Amino acid sequence: MKTQGRKANPMRITSSQKRDVRTQFGALCYRVVEDKLQVLLITSRGTGRWIVPKGWPVPGATPAGAAMQEAWEEGGVRGKTQGGCLGIYSYMKQDDTGTRPCVVAVFAVKVIALKREYPESGQRRRKWFSRKKAAQLLDEPELKRMVLDFDPRALRR
């Protein structure tokens, strides 16, 4: 889904919103097929737009572990996290309580397998895209740049 007739810019947080900012952890799930990098995107449950798996912190889990948990629950991904945080992007989350600013720390996840059955399999679609196509489908400018710049060869093992 494209941004509705306007250029998407990074989110601006007013001083009154700063206390409401929430943190999430996301997974940039990838594979390499015939020397070509592919990125897995999933659809959001509400709007059906293309996103990366992401969610709230998990008690007792590291940020990378929480990202891996979201990749499983939302996309059926079995894999391993690699390297540290790739970057952070921001967006406005809409839920039953209203709209709140969120920042998402993103971790690379090398996909080993995609399972047919997973917790949210009936609620989301998932699809592999080239880096360029994935970036075109994403709404958040910082995430677009992260996807375009992503190179798994640069990750710490």
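All values derive from a computational prediction rather than experimental measurement.
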With a 4.5 Å cut-off on side-chain heavy-atom distances among I, L, V, M, F, W and Y, is there a chain of contacts connecting Val58 to Tyr118? no
Ala67 to Gly26 - nearest heavy-atom pair and separation: CB-O, 3.2 Å
Report the residues that fulfil side chain to side chain donor-acceptor pair (under 3.5 Å) with Arg125, sequence neighbours left out, ordered by chain and then residue number. none
Looking at residues at least two apart in the chain, or sitting in another chain, which of them share a side chain to side chain donor-acceptor pair (under 3.5 Å) with Ser44? Thr47
Backbone N/O of Ala135 and side chain of Lys144: donor-acceptor pair under 3.5 Å: yes
Spatial distance of atom NZ (Lys110) from atom NZ (Lys80) [nearest 0.5 Å]: 6.0 Å
Residues in side chain to side chain donor-acceptor pair (under 3.5 Å) with Arg145, at least two apart? Asp149
Would you find more than 12 non-hydrogen atoms of other residues, nucleotides or ligands less than 6.0 Å from Lys133 atom NZ? no
With Gln123, which residues qualify under side chain to side chain donor-acceptor pair (under 3.5 Å), at least two apart? Arg45
Flag side-chain contact, heavy atom, 4.5 Å: Lys115 against Arg78: yes
Report the C-alpha distance between Ser90 and Glu142 in whole Å, list the side-chain angles of each, state the deciding distance to 0.1 Å, and finish with yes or no for side chain to side chain donor-acceptor pair (under 3.5 Å). CA-CA 7 Å; Ser90 57; Glu142 302 116 325; 3.1 Å; yes
Mind checking what makes side-chain contact (heavy atoms from CB on, under 4.5 Å) contact with Pro57, not counting sequence neighbours? Phe25
dist Lys54:NZ -> Cys102:SG (nearest 0.5 Å) comes out at 8.5 Å
Please report the closest heavy-atom contact between Gly75 and Ile42, naming both atoms and the distance. CA-CG2, 4.1 Å
Minimum heavy-atom distance between Val52 and Ala27, given as atom pair plus value: CB-O, 3.4 Å
Kindly indicate whether the side chain of Tyr89, heavy atoms from C-beta on, has any atom under 4.5 Å from the side chain of Val103. no
Salt bridge (Lys or Arg N to Asp or Glu O under 4.0 Å) pairs, two or more places apart, involving residues 26-36: none
Treating Ile, Leu, Val, Met, Phe, Trp and Tyr as nodes and any side-chain heavy-atom pair under 4.5 angstrom as an edge, say whether Leu28 and Phe107 lie in one connected cluster. no
With sequence neighbours excluded, what pairs up with Phe129 under the ring-ring contact (aromatic ring centres under 6.0 Å, His included) test? Trp50
Got a sec, which hydrophobics cluster with Leu148, joining ILVMFWY side chains under 4.5 Å apart, including via others? none
Test question: given the 4.5 Å side-chain rule for I, L, V, M, F, W and Y, name all other residues clustered with Met68, or answer none. Leu40, Val77, Val109, Val111, Leu114, Trp128
Run the numbers on Tyr91 and Gln24 for side chain to side chain donor-acceptor pair (under 3.5 Å), then give the verdict. CA-CA 11 Å; Tyr91 78 106; Gln24 292 187 311; 2.6 Å; yes
Excluding sequence neighbours, so at least two apart, what forms side-chain contact (heavy atoms from CB on, under 4.5 Å) with Ala108? Tyr30, Leu86, Phe150, Leu155
In this structure, CZ of Arg126 is separated from CG of Leu41 (nearest 0.5 Å) by 13.0 Å
Over all atoms of both residues, closest heavy-atom pair of Ala61 and Ala66: CB-N, 4.1 Å
Heavy-atom pair with the smallest gap, counting every atom of Thr62 and Gly65: OG1-N, 2.9 Å
How about Gln38 and Ser130: does a side-chain donor come under 3.5 Å of a side-chain acceptor? no
Are Ile51 and Ile88 joined in one hydrophobic group, where the rule is that I, L, V, M, F, W and Y side chains link up if heavy atoms are under 4.5 Å apart? no
Sequence neighbours excluded, which residues qualify as salt bridge (Lys or Arg N to Asp or Glu O under 4.0 Å) partners of Arg124? Glu74, Glu120
Should Cys85 and Val106 count as side-chain neighbours, where that means a heavy-atom distance under 4.5 Å? no
